[in-house]
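Everything below concerns the one structure shown next.
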Amino acid sequence: MGYKKIMNILLLGSGGREHAFAYQLAKSSMCDKLFIAPGNAGTSSLGINVPLNVLDFVTLGKFCTDNNVGLIIVGPEEPLVRGLRNHFSADDKLKSIPFIGPDEAGAQMEGSKDWSKSFMKRHNIPTATYETFTTENIQAGIEYVKHHPLPIVLKADGLAAGKGVLICENNLQAVTELQAMIADKKFGDASTKVVVEEFLKGIELSVFVLTDGKNYKILPTAKDYKRIGEGDTGLNTGGMGAVSPVPFADAAFMQKVEERIIKPTIHGLVKDEIFYVGFIFIGLMNVDGEPYVIEYNCRMGDPETEVVLPRIENDFVELMLATAQGRLHEIDLQISDLAAATVMLVSKGYPESYPKGDVMTGFETINDSILFHAGTKQNDNGTIVTNGGRVIAITSLADSIKNAVKKSLSNAENIHYTNKYYRRDIGFEFID
Ligand code: AMP
Ligand code: GLY
């Protein structure tokens, strides 16, 4: 293809997800300088970490012109929801830079639950039935949840750092929580509008779609493990591990997902005149074999990225550039037949308070797994210390989920730090 040129790339974000992106981008012969803002101790071995704030749009723009950036990839949702793409498209010097991530209108898929629910309703995309309440109709909301079948799902409309969903087991609790969210701003301005929805009973999975605004490619499916404890118990976390592919997402199920959800989503965006370029992360519930949308996100998942990206065999810069330039139909997506598993090492105490600064050792003993750093930091003397709740993701590829998990668990023993904790049962329902 005539597009194989070498370029400087700016990747935004600092988690395990971004280390996995950096890993794929750095492998490409089309990648000259890779900048990661702000990055972490892992990304610094693949590119140049630059201490920029992902919400400081003016400085990001200046960095791109000063450093001849030829491709921008946005990892986290917040800059997208706040309109980073709009900032770039409104500037003559920046608007021609290929950009992966939707504009403010497209990012509402994640930035407003009420907006995404009405999008699904408008385009007949299967999802839980719902009503939306604000200060204006809170009395009607109270009556609604008093008589709603149990459990009741309450969702803060706006971004709430993954904490804005409550599942209430009785009606009075739901009334109290609805009032706390709307009237007392339990999640700040994010919860002055609340979506109340039907509880869907089933098994969750994540489907990732890459779109250039017209064409789309379905990326590998993944399942993440959100609870802190083994057997899916205890508090919700950002994700303790993930596997890909998801065995029950077979061809028949994925056909339903594509026809009922992916195509109407892509067509719906076009009909609504939203030019969406980037990743769409669709959180799905498989209810007795039928897919329903739980949520959309305008980015890749973390830790799902750490199992999805290593299975993509294409030149990743070529894939990203084709997406940004509306040429996704030219790409023949190549997915590895191998299964991937990620085990996340965290700090004891996470997702509540946890210590930072534990010295980490054992990196050189890792065998046949990939390490994606999340909450780590390199001290001035070169030692790597823990710097977050989720510390490091250990990803392995193998001929089965069972063997991939086994490799990651074996390497989890090889990394040492005082407050290490991880789940040993990632992928348990797919391993006999
Ligand atoms: P969200 O922030 O929308 O991903 O919601 C967080 C989690 O709450 C999801 O991953 C599900 O486990 C759960 N959840 C959200 N909506 C529903 C629903 N309608 N029925 C059952 N569980 C849900
Ligand atoms: N792993 C779920 C998320 O990234 O939102």
Side-chain angles (χ1 to χ4, degrees), residues 13-18 20-21 74-78 80-81 109-117 120 125-132 145 148-169 174 177 181 187 190-191 194-208 219 221-228 232-244 246 279-288 290-309 342 344 346 351 372 374 389-390 393 426:
S14 63
R17 170 180 53 207
E18 286 74 22
F21 269 100
V74 184
E77 63 280 9
E78 204 174 348
L80 298 169
V81 173
M109 299 279 270
E110 175 163 5
S112 167
K113 302 267 190 210
D114 177 51
W115 190 88
S116 69
K117 293 296 285 190
M120 288 184 258
I125 297 167
T127 187
T129 55
Y130 81 106
E131 290 290 336
T132 301
V145 298
H148 194 287
L150 298 173
I152 308 170
V153 183
L154 305 184
K155 296 185 170 181
D157 177 60
L159 293 183
K163 296 191 170 66
V165 175
L166 301 175
I167 297 177
C168 301
E169 299 294 340
E177 290 294 357
M181 287 169 90
F187 301 106
S191 71
V194 172
V195 167
V196 179
E197 72 176 31
E198 167 200 18
F199 181 84
L200 297 172
K201 198 165 164 36
I203 317 176
E204 282 184 75
L205 75 152
S206 306
V207 170
F208 300 94
L219 304 179
T221 55
K223 184 168 197 313
D224 76 338
Y225 293 80
K226 289 198 175 77
R227 302 296 194 96
I228 188 73
D232 285 338
T233 54
L235 294 174
N236 253 325
T237 72
M240 296 295 293
V243 298
S244 175
V246 178
F279 296 95
I280 309 177
F281 163 171
I282 312 177
L284 290 179
M285 191 71 89
N286 173 351
V287 182
D288 299 326
E290 308 303 324
Y292 289 81
V293 177
I294 294 271
E295 63 165 349
Y296 289 112
N297 294 305
C298 62
R299 54 172 172 88
M300 286 294 292
D302 195 349
E304 292 94 328
T305 304
E306 291 94 306
V307 285
V308 171
L309 260 51
T342 287
M344 188 66 79
V346 305
F372 294 125
R390 289 195 291 173
I426 299 304

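Ligands are counted one by one from 1 in listed order, and the atoms in each one are counted from 1 as well.
Atom CD of E198 is separated from atom CD1 of I152 by 12.0 Å, given to the nearest 0.5 angstrom.
Among all heavy-atom pairs drawn from G241 and P303, the shortest one is O-CG, 3.6 Å. Contact detail for E197 and Y130: the closest heavy-atom pair is CB-CB, 3.8 Å. T127 approaches V293 most closely through the heavy-atom pair OG1-O, 2.8 Å.
Which parts of ligand 1 touch K226 is read off a 4.0 Å heavy-atom cut-off, strictly below it: atoms 10 (O). Which parts of ligand 1 touch E197 is read off a 4.0 Å heavy-atom cut-off, strictly below it: atoms 16 (N), 17 (C), 18 (C), 19 (N).
Under 4.0 angstrom from ligand 1, the non-hydrogen atoms of L200 come from both its backbone and its side chain.
Every side chain to side chain donor-acceptor pair (under 3.5 Å) that E290 has, sequence neighbours left out, goes to K256, R260.
Ion pairing between a basic and an acidic side chain is recognised when a charged N comes within 4.0 Å of a carboxylate O; E204 and K223 show no such pairing. In summary, D224 and K226 engage in a salt bridge, as defined by a charged side-chain N under 4.0 Å from a carboxylate O. With salt bridges taken as basic N to acidic carboxylate O contacts below 4.0 Å, none links R17 and E304.
Of the options E295, M285, E110, K155, the smallest heavy-atom separation from atom 15 (C) of ligand 1 is shown by K155. With atom 23 (C) of ligand 1 as the reference point, the heavy atom nearest to it among I294, V287, V165 is part of I294.
In this structure, the protein non-hydrogen atom closest to atom 3 (O) of ligand 1 is K113 NZ, 3.2 Å. Scanning the protein for heavy atoms near atom 12 (O) of ligand 1, the closest one is E204 OE2, 2.4 Å. At the shortest separation from atom 13 (C) of ligand 1 among protein heavy atoms lies I167 CD1, 4.0 Å.
Counting heavy atoms from C-beta on, the side chains of Y292 and I294 never come closer than 4.5 Å.
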- Message: I'd like to know whether M285 forms a side chain to side chain contact (heavy atoms under 4.5 Å, CB included) with L205, so could you lay out the CA-CA distance, the side-chain angles of the two residues, the decisive distance to 0.1 Å, and finally the verdict.
- Response: CA-CA 6 Å; M285 191 71 89; L205 75 152; over 6 Å; no
- Could you walk me through whether C298 and F279 pass the side chain to side chain contact (heavy atoms under 4.5 Å, CB included) check? CA-CA 6 Å; C298 62; F279 296 95; over 6 Å; no
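Considering backbone and side-chain N/O of A128, none are found under 3.5 Å from N/O of ligand 1.
Per-atom contact check: atom 17 (C) of ligand 1 touches the protein, criterion being a heavy-atom distance below 4.0 Å.
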When you pair each N or O of ligand 2 with protein N or O atoms, which pairs come out under 3.5 Å?
{"residue": "ligand 2", "atom": "1 (N)", "partner": "D224", "partner atom": "OD2", "Å": "2.9"}
{"residue": "ligand 2", "atom": "1 (N)", "partner": "D302", "partner atom": "O", "Å": "2.9"}
{"residue": "ligand 2", "atom": "1 (N)", "partner": "E304", "partner atom": "OE1", "Å": "2.8"}
{"residue": "ligand 2", "atom": "1 (N)", "partner": "E304", "partner atom": "OE2", "Å": "3.3"}
{"residue": "ligand 2", "atom": "4 (O)", "partner": "R299", "partner atom": "NH1", "Å": "3.0"}
{"residue": "ligand 2", "atom": "4 (O)", "partner": "D302", "partner atom": "N", "Å": "2.9"}
{"residue": "ligand 2", "atom": "5 (O)", "partner": "R299", "partner atom": "NH1", "Å": "3.4"}
{"residue": "ligand 2", "atom": "5 (O)", "partner": "R299", "partner atom": "NH2", "Å": "3.0"}

